[in-house]
Amino acid sequence: MMKIFSLLALLGFMSCSTRPEKKHPPLSAKAKFAFMIHGGAGVAPKGSQTPEQEKAYTEKLTEALLSGHKILQGGGSSLDAVESAIRILEDSPLFNAGKGAVFTADGKNELDASIMSGSGLEAGAVAGLHHVKNPITLARAVMENSPHVMMVGEGAEKFAKEQNIELVPAKYFWTKPRWDILQEMIKVEKAKDKSGMNSLRATPANRFGTVGAVALDSKGNLAAGTSTGGMTFKKFGRVGDSPIIGAGTYAKNKVCAVSATGHGEYFIRLSVARDICALVEYKGLGLQAATDEVVLTKLKALGGDGGVIAIDADGGRAITFSSEGMYRAWIDETGQPQVRMY
Ligand code: ASP
């Protein structure tokens, strides 16, 4: 069964290459749930990935998508669907989250994540983690089992221990492709600035693979989550948009759920995820118009790039990105998984 889904997804991916899918009609009245995931903006340039690499991304995205979809199909919650899909992507070295996190300027992996439930605007976020295998699960624990919204660094990891959340040695996150990218960036940055502490610039090479999911469940609850290793060569202690509620993640019932990826500093300054939902809520904009306005107009004008996935209260979907590509997957109106990269 899984193989058939993977094949269908692969065929879907191969049959459509250009961006973006502008029309995502709301799901029919019968389909009472919706699910979409992303695997980050900043995809390697078209044609530079081998068919095997593309297949590996397609299969992992499909696996994550189907795990969340299955939960929703069985009447499960949007939060469970979001967490389940993100955990699968965090466990894969292909994505810049969990196992495949990129490196900081001083050669460490510092992980950030957040999750939000649209039903009561509950939210949980974690940042600057070095030992938590699945940061999205810790973010959810902060939301559900603490009086707080955000916990960082050592304190967050102490809380993870209390919650029996799996901790791993820091070296678990070491992967050669990410290490090689850091070495390349160190060379480039040192050539630009002798101090080696030049400003962080977004290039397809230094950030790709942040993961996120948005879901609407059969009870009408929206949820969103995002998990990342941030940007290669980020300074120690730098926190991006992914764990910032309202910037990288936002969900509000009857309005929308958003997960973002891109150059985080800009997403924070524009409160991208919240701004999209505010345009839907206050201005009555359609979801696609709202995501386009924030990502293609406001974000671009400020000099940032990246993308978002979003779902509204009717299960309508929107995807917008200003980067060359964005890994993304969803279940279409006929119930088939769809995966796209460019
Ligand atoms: N938004 C993430 C950050 O700035 C990076 C990404 O999405 O690729 O930390």
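Position 1 is the first residue of the sequence; numbering continues from there. Atoms within a ligand are numbered from 1 in the order they appear, just like the ligands themselves. Atom set for the values below is all heavy atoms of this structure, side chains included, hydrogens, waters and symmetry mates excluded. This one's a predicted model, so the numbers in the text were calculated from it and none came from an experiment.
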Ligand-residue contact atoms, ligand 1 with [X], heavy atoms, under 4.0 Å:
X      : answer
Gly230 : 5 (C), 9 (O)
Thr261 : 6 (C), 7 (O), 8 (O)
Gly264 : 4 (O)
Asp241 : 1 (N), 2 (C), 3 (C), 4 (O)
Ser242 : 1 (N), 2 (C)
Thr210 : 2 (C), 5 (C), 6 (C), 7 (O), 8 (O)

*Is it the side chain, the backbone, both or neither of Arg238 that has a heavy atom closer than 4.0 Å to ligand 1?*
side chain

*Should Lys161 and Leu167 be marked as a side chain to side chain contact (heavy atoms under 4.5 Å, CB included) after you check the CA-CA gap, both sets of side-chain angles, and the distance that decides it?*
CA-CA 7 Å; Lys161 214 170 172 186; Leu167 297 172; 4.0 Å; yes

*Which class fits the ring pair Tyr327 and Tyr57: parallel under 30°, tilted 30 to 60°, perpendicular over 60°?*
parallel

_Neighbour count above 12 (heavy atom, 6.0 Å) for Glu144 CD_ = yes

*Taking the non-hydrogen atoms of Gly262, is any one of them nearer than 4.0 angstrom to ligand 1?*
yes

*Compute whether any side-chain donor of one residue and acceptor of the other, for Ser227 and Glu90, lie under 3.5 angstrom apart.*
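Looking only at side-chain atoms, Glu90 and Ser227 do form a donor-acceptor pair, the distance falling under 3.5 Å.
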
*Within 45° cone and under 6.0 Å: Lys108 NZ/CZ vs Phe103 ring*: no

_If you define the side chain from C-beta out and look only at heavy atoms, does anything of Ser78 sit under 4.5 Å from Leu216?_
no

